[in-house]
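A quick write-up on the structure given underneath.
Along the sequence shown, the residues carry numbers beginning at 1.
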Amino acid sequence: MTDSKIVVLDFGSQYAHLIAKRLRMMGYYSEIALPSADVSKMENVKGIILSGGPASVYESDIPEFNTKNLELPVPVLGLCYGHHIMATNYGGKVGKAEIGEFGFAQLNKTEAGKSSPLLKGVSDSTQVWMSHQDGIMEMPEGFEVIGTTKDCPYAAIQNLEKKRFSLQCHCEVKDTLEGNTIFQNFAGTICGMEKNWDEDAVLKHIMASIQEQAKDKNVLLFLSGGVDSTVAFALLNRALGQERVLGLHIDNGFMRKNESASVAQAYRSHGFNNFIVEDASESFLKAVYHLTDPQQKRMAVGENFITVRNEVVAKQKLDEEKWMLAQGTLYPDIIESGGTKNSRVIKTHHNRVDGIQKLIEKGLIIEPLKDLYKDEVRRIGKKIGLEDDLVMRHPFPGPGLSINVLCSNGEMSDTDKSDFEKANEELKSIKLDMFCPNCTKDLVLSVLPVRSVGVQGDYRTYRFPSVLTFKEEGEGFHHIPGKWSKLEEAASTITNASTYINRAIIRLYQNPKVKISDMKLQEGYCDKERLDQLREADNIMLTALHKNGWYEKIFQHLTINLPYSSAKDHCSIVLRPLCSEDVMTARFAQMPQEDLLAITKEIAKLPYVDAIFFDLTNKPPATFGWE
């Protein structure tokens, strides 16, 4: 079944595992290995792919790479950091590019590119996905350029004699529209590999792994009601039987409006009776009391899950010697938490806090889906018979709404004040010439005094959002100028040119009773009052998405509560609907503007809402959520 393989050497990229996933989806078995591995000792390797990574090849502290792998008589493809590894190991030079590229770019074939076996069947100009600050400064010996972008003259290179190819872009993300064609050319044509992998093999492997890990023990699963834990629950039931599996749904006080009741009802209606519901909302609210740092909040929530789990085990009189813990962890949770050797922490997921890591080290945790992405999990769920109302729900992470309520003590540190001033200075030099002259005249650019989490070049960023405010149209509602594509281009222009900004948002509404100059950073924490504020606004948005048919079209929506308002008991709301396939990249949902205006008007009726914004930022440079 798996005689032949493509080996992916993982330099720590957020997308490294996605390369292997893409190849497996296309029918080519692939494995991940450390870049220090000796590939010559592996059997039946047909090709090697060098992944991206957060390091710069000219730094001293970089991943160890076994250069002998480049001496093997098999084709090699480098991507992003792998592109730089390819260049430097064959005599080229890499340095910091004058202009970094994050997000969409157009790869244009050169004359050599038009006959390249790697780019066969690829359009002469094609959309690709970039996430880099470094670039090739001098070409390696024996290589030729096969593709360029506006800001990257050596975006794709090859050495046909050595069968060495490399690209600055990430072919593994779906936003590189013809990435699969490039992978097909590499694996099928250049490497000469036959297809040898399918979904049945994946399911068989998961079932065998569950039985092998569990042995004769029973399993207690954290059951959030989201897609991941639901599919994990179904797989555990199938592999071990319902009598050996107990689902634990914890109402942590961070659920959406009426969420826990609807989750319980959904499970019962699908024949799952081996689960219990525990109300631990007071415990979780106490755990995050007055925390403002998003990392600390996530860790506090994750550790409290272990505390509540232990209390439930004692209450249910479960024999610790006979029970293991299970989670619906996916690969993005691991990679964003810095869970591979060369990766950097973007944000610590609740299922990767210290308490969980210790249990993993002791072999006391089963994670059936830890090598998969959301779209793979959904396909597996459908394959084993779960219905759409369970597997097609929007993702809802364990920390729930707690990470959608941004917190502040009401004051900016000296560092924040300095960076905030620098962010405002940066905006003054940015020209948004994609808008018509009249639109530009009516545009005001500003910066909000709150930070949010982002990801650029495989690094975590914690920076400020810029705000696009266009003319008011009456009753506090603001003009949205023309097509979404112009706003997307503006957001990309701002974030690519900024050091202190990682998001761009547009103002949809400003309470006419409150001047923008009256808005300021307020003291606000993750308490029941602010969570209830968020629940109401979030419910308005989700109800509208279901009603107008957009719930199924987007991957996930997040409503964000900001402590930026005219008074402590007021807030600003950010709407964040996203389209994605695998969470690793995403595009903001370009929904009909008339629908968005109707939603905005409903949320504006809430007496505590001073402003409403819409997040225009793709991933990268922003993450899905703000924390």
(message) Is it the case that atom NZ in K109 sees more than 12 heavy atoms from other parts of the structure closer than 6.0 Å?
(response) yes
(message) Evaluate D388 against K382 for salt bridge (Lys or Arg N to Asp or Glu O under 4.0 Å), listing each step before the verdict.
(response) CA-CA 8 Å; D388 280 2; K382 288 186 176 184; 3.7 Å; yes
(request) Give the C-alpha distance, both sets of side-chain angles, the deciding distance and a yes or no for side-chain hydrogen bond (donor to acceptor under 3.5 Å, both in side chains) between S13 and S51. (result) CA-CA 7 Å; S13 170; S51 85; 5.3 Å; no
(message) In the structure I gave you, are the side-chain heavy atoms of L9 and I49 within less than 4.5 Å of one another anywhere?
(response) no
(message) If you compare all heavy atoms of A187 against all heavy atoms of L23, which two are closest, and at what distance to 0.1 Å?
(response) CB-CD2, 4.2 Å
(request) Please report the C-alpha distance between E101 and T149 in whole Å, then the side-chain angles of each, then the deciding distance to 0.1 Å, and finally whether the side-chain hydrogen bond (donor to acceptor under 3.5 Å, both in side chains) criterion is met. (result) CA-CA 10 Å; E101 292 176 302; T149 67; 2.9 Å; yes
(request) Step by step, work out the side-chain contact (heavy atoms from CB on, under 4.5 Å) result for L390 and V231. (result) CA-CA 9 Å; L390 285 178; V231 173; over 6 Å; no
(message) I'd like to know if the side chain of S123 reaches the main chain of T126, judged simply by a donor and an acceptor atom lying under 3.5 Å from each other, with no hydrogens or angles considered.
(response) no
(message) Quick check: do N196 and S4 have side-chain heavy atoms less than 4.5 Å from each other?
(response) yes
(message) Would you compute the distance between atom CG of N159 and atom CD of E141 and round it to the nearest 0.5 angstrom?
(response) 9.5 Å
(request) In sequence, state the C-alpha distance, the side-chain angles, and the governing distance for R164 and Y90, and then conclude on side-chain hydrogen bond (donor to acceptor under 3.5 Å, both in side chains). (result) CA-CA 10 Å; R164 299 293 182 260; Y90 285 101; 3.1 Å; yes
(message) Could you check whether any side-chain heavy atom of L107 comes within less than 4.5 Å of a side-chain heavy atom of E178, counting everything from C-beta outward?
(response) no
(request) Using side chain to side chain donor-acceptor pair (under 3.5 Å) as the criterion, list what pairs up with T499, not counting sequence neighbours. (result) E426
(message) Tell me if a side-chain donor or acceptor on E144 pairs with a main-chain N or O of I157 at a distance below 3.5 Å.
(response) no
(message) Tell me whether R576 forms a cation-pi arrangement with F555, defined as NZ or CZ under 6.0 Å from the six-membered ring centre and within 45 degrees of its axis.
(response) no
(message) Measuring from atom OH of Y500 to atom CZ of F464, what distance do you get when rounded to the nearest 0.5 angstrom?
(response) 10.0 Å
(message) Please give me the minimum heavy-atom distance between C579 and K553, naming the atom from each residue.
(response) SG-O, 3.9 Å
(message) Working to the nearest 0.5 angstrom, can you tell me the gap between Q213 CD and I210 CD1?
(response) 8.0 Å
(message) Quick one, R378 and V227 - any side-chain contact, counting heavy atoms below 4.5 Å?
(response) yes
(message) Testing the basics here: between R503 and S452, what is the closest heavy-atom pair and its distance to 0.1 Å?
(response) NE-OG, 2.7 Å
(message) For Y154, give me all partners under side chain to side chain donor-acceptor pair (under 3.5 Å), at least two apart in sequence or on another chain.
(response) none
(request) Look at D375 together with K21 and state whether they make a salt bridge at an N to O cut-off of under 4.0 Å. (result) yes
(message) Are there over 12 heavy-atom neighbours, none belonging to K174, within less than 6.0 Å of that residue's NZ?
(response) yes
(request) Would you check if the side chain of R298 reaches a backbone N or O of E627 as a donor-acceptor pair within less than 3.5 Å? (result) yes
(request) Check whether the side chains of E367 and T329 place a donor and an acceptor atom closer than 3.5 Å, and report yes or no. (result) yes
(request) State whether E488 and R587 are salt-bridged, where the test is any N-O pair (Lys NZ or Arg NE/NH1/NH2 against Asp/Glu carboxylate O) under 4.0 Å. (result) yes
(request) Take the angle between the ring planes of Y551 and H394 and call it parallel below 30°, perpendicular above 60°, tilted in between. (result) parallel
(request) Give a yes or no answer on whether the side chain of T623 reaches the backbone of G625 with a donor-acceptor pair at less than 3.5 Å. (result) yes
(message) Let's go through L119 and N185 carefully: what are the C-alpha distance in whole Å and the side-chain angles of both, what is the deciding distance for side-chain contact (heavy atoms from CB on, under 4.5 Å) to 0.1 Å, and is it a yes or a no?
(response) CA-CA 7 Å; L119 301 181; N185 289 339; 5.7 Å; no
(message) Treating S166 as the side-chain partner and G78 as the backbone partner, does any N or O pair qualify as donor plus acceptor under 3.5 Å?
(response) no
(request) Say whether E172 and H17, considering side chains only, have a donor N or O and an acceptor N or O under 3.5 Å apart. (result) no
(message) Please check: side-chain N/O of Q127 versus main-chain N/O of D175, any donor-acceptor pairing under 3.5 Å?
(response) yes
(message) I'd like to know if the side chain of S56 and the backbone of Y58 have a donor-acceptor N/O pair within less than 3.5 Å.
(response) no
(request) Check whether more than 12 heavy atoms from other residues, nucleotides or ligands sit under 6.0 Å from atom CD of E194, and answer yes or no. (result) no
(message) Rounded to the nearest 0.5 Å, what separates atom CG in L235 from atom CG in L203?
(response) 6.5 Å
(request) Starting at CG of N66, measure out to CD of E71 and round the result to the nearest 0.5 Å. (result) 8.5 Å
(message) Return the CD to CH2 distance between Q168 and W129, rounded to the nearest 0.5 Å.
(response) 14.5 Å
(request) Give the ring-plane orientation class for F165 versus F186, where under 30° counts as parallel, over 60° as perpendicular and anything between as tilted. (result) perpendicular
(message) Once side chain to side chain donor-acceptor pair (under 3.5 Å) is applied, do any residues pair with Q184, and if so which ones, sequence neighbours excluded?
(response) Y28
(message) Within the supplied structure, the quantity of interest is the number of heavy atoms (other residues, nucleotides, ligands) at a distance under 6.0 Å from E161 CD; does it exceed 12?
(response) no
(request) Tell me, please, which residues at least two apart from R451 pass salt bridge (Lys or Arg N to Asp or Glu O under 4.0 Å). (result) D416, D419
(message) Taking the side chain as everything from C-beta on, heavy atoms only, tell me whether S498 gets closer than 4.5 Å to I430.
(response) yes
(request) Dump the intermediate steps for side-chain contact (heavy atoms from CB on, under 4.5 Å) on V76 and L70, then the final yes or no. (result) CA-CA 7 Å; V76 182; L70 290 178; 4.0 Å; yes
(request) Indicate yes or no for a side-chain donor-acceptor contact from S116 to the backbone of L118 under 3.5 Å, with no hydrogens or angles considered. (result) yes
(request) Walk me through it: do T230 and V391 pass the test side-chain contact (heavy atoms from CB on, under 4.5 Å)? (result) CA-CA 8 Å; T230 298; V391 298; 5.8 Å; no
(message) For a 4.5 angstrom cut-off between non-hydrogen side-chain atoms, does I505 reach L616?
(response) no
(message) If we ignore hydrogens and angles and just use 3.5 Å, is the side chain of D10 paired with the main-chain N or O of A16 as donor and acceptor?
(response) no
(request) Using salt bridge (Lys or Arg N to Asp or Glu O under 4.0 Å) as the criterion, list what pairs up with E31, not counting sequence neighbours. (result) K5
(request) Of all the heavy-atom pairs spanning P620 and S131, show the shortest one and how long it is. (result) CG-OG, 3.9 Å
(request) Check V94 against D134 and note the closest heavy-atom contact, atom names and distance. (result) CG1-CB, 4.2 Å
(message) Ignoring hydrogens, what is the shortest heavy-atom contact between P621 and N502? Give both atom names and the distance.
(response) CG-O, 3.8 Å
(request) Using salt bridge (Lys or Arg N to Asp or Glu O under 4.0 Å) as the criterion, list what pairs up with E199, not counting sequence neighbours. (result) R379
(message) If we ignore hydrogens and angles and just use 3.5 Å, is the side chain of N69 paired with the main-chain N or O of D38 as donor and acceptor?
(response) no
(message) Within the 4.5 Å heavy-atom criterion, are L167 and I182 side-chain neighbours or not?
(response) yes
(request) Kindly indicate whether the side chain of H83, heavy atoms from C-beta on, has any atom under 4.5 Å from the side chain of I136. (result) yes
